[in-house]
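Along the sequence shown, residues are numbered consecutively beginning with 1.
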Amino acid sequence: YSEKKQLEKDAGDLRKKKESLEQGIHPYPEKVEELRNFIQKGLEEKTGKTEDVRPLCEFLEIDTDYENWRNVLEGILGSKRFDLVVRPDLFEAASELYYRFNQSDRCADIGIIDTSDSWSDNSAIVKEKNEKVFLSEMIITDDVRARKYINNILGKFEALEITGQVSELLAKDNSAD
């Protein structure tokens with residue numbers, strides 16, 4: 001009897017997952033959700049109010065002009081797209097919760113983003129016609145914190161398009177320049 005209940009629950013979970021996918025909502029890896037929920041609950045206990053803790057990818061969109069760069073962008077971002085964004089004034093508390101949750105390194109590839117004003121901001125790049133395009137420019141976001149983070153991660157990668165018999169998209173790391 002309990003096996004039947006478990007199968008019904010699993011079937012319900014699969015229906016929900018299918019509906020989400022049909023709406024374009026992709027689930028996060030389980031460890032991302034667990035960490036997010038743990039930190040969000042801990043911050044709510046500390047502040048007494050609901051705190052917004054979300055993965056970076058929820059703040060980002062790839063500019064439609066650069067859709068063909070999606071795989072390059074996602075490849076470079078890797079698991080950083082799941083890094084959690086919290087208010088700057090809650091970063092220290094969120095970090096403490098992160099280390100408490102992550103004692104066994106089960107989320108070593110996911111981080112908490114420090115969005116304090118101490119970061120450099122590379123977004124004020126003035127461009128002239130036919131200048132280089134950097135991968136950070138292919139990402140659209142209205143969130144200042146996410147923009148600063150993306151500029152710091154992708155702002156050093158120049159987009160290079162090689163054409164000919166084989167069309168390839170490449171990114172050149174300009175951090176040594």
Please assess Gln40 against Leu84 for the test side chain to side chain contact (heavy atoms under 4.5 Å, CB included), listing each intermediate value before the final yes or no.
CA-CA 10 Å; Gln40 188 164 10; Leu84 300 177; over 6 Å; no
Say you draw a straight line from CD1 of Ile113 to NZ of Lys148; how long is it, rounded to the nearest 0.5 Å?
12.0 Å
side-chain hydrogen bond (donor to acceptor under 3.5 Å, both in side chains): pairs with one or both residues in residues 56-65, sequence neighbours excluded:
Tyr28-Glu58
List in chain and number order the residues that pass side chain to side chain donor-acceptor pair (under 3.5 Å) with Asp52, two or more places apart in sequence or in another chain; answer none if no residue qualifies.
Arg54
Check side-chain contact (heavy atoms from CB on, under 4.5 Å) between Glu30 and all other residues, then give those that pass, not counting sequence neighbours.
Glu34
With sequence neighbours excluded, give me every salt bridge (charged side-chain N to carboxylate O under 4.0 Å, His left out) pair touching residues 77-101.
Glu51-Arg87, Arg87-Asp89
Of all residues at least two apart in sequence or in a different chain, which pass the side-chain contact (heavy atoms from CB on, under 4.5 Å) check with Ser95?
Phe91, Tyr99
With the side chain counted from C-beta on, respond yes when Leu73 and Met138 share a heavy-atom pair under 4.5 Å apart, and no when they do not.
yes
Are side-chain heavy atoms of Arg147 and Asp142 found at a separation under 4.5 Å?
no
Sorted by chain and number, sequence neighbours left out, side chain to side chain donor-acceptor pair (under 3.5 Å) with Tyr98 holds for Asn102
Under the ring pair (Phe, Tyr, Trp, His ring centres under 6.0 Å) test, residues paired with Phe38 that sit two or more places apart:
Phe101
List in chain and number order the residues that pass side chain to side chain donor-acceptor pair (under 3.5 Å) with Glu8, two or more places apart in sequence or in another chain; answer none if no residue qualifies.
none
Can you confirm whether Leu56 sits close enough to Ile150 that some side-chain heavy atom of one is under 4.5 Å from a side-chain heavy atom of the other?
yes
Scan residues 36-50 for pairs that pass salt bridge (charged side-chain N to carboxylate O under 4.0 Å, His left out), counting only residues two or more places apart or in two chains.
Glu33-Arg36
Measuring only between side-chain heavy atoms, which start at C-beta, is Ile139 closer than 4.5 Å to Ile62?
yes
For a 4.5 angstrom cut-off between non-hydrogen side-chain atoms, does Asp13 reach Lys9?
yes
To the nearest 0.5 Å, how far apart are CG in Leu35 and CD1 in Ile112?
5.5 Å
Under the salt bridge (Lys or Arg N to Asp or Glu O under 4.0 Å) test, which residues partner Asp10, sequence neighbours left out?
none
If only atom types and distance count, is the side chain of Thr141 paired as donor or acceptor with the main-chain N or O of Ala146 below 3.5 Å?
no
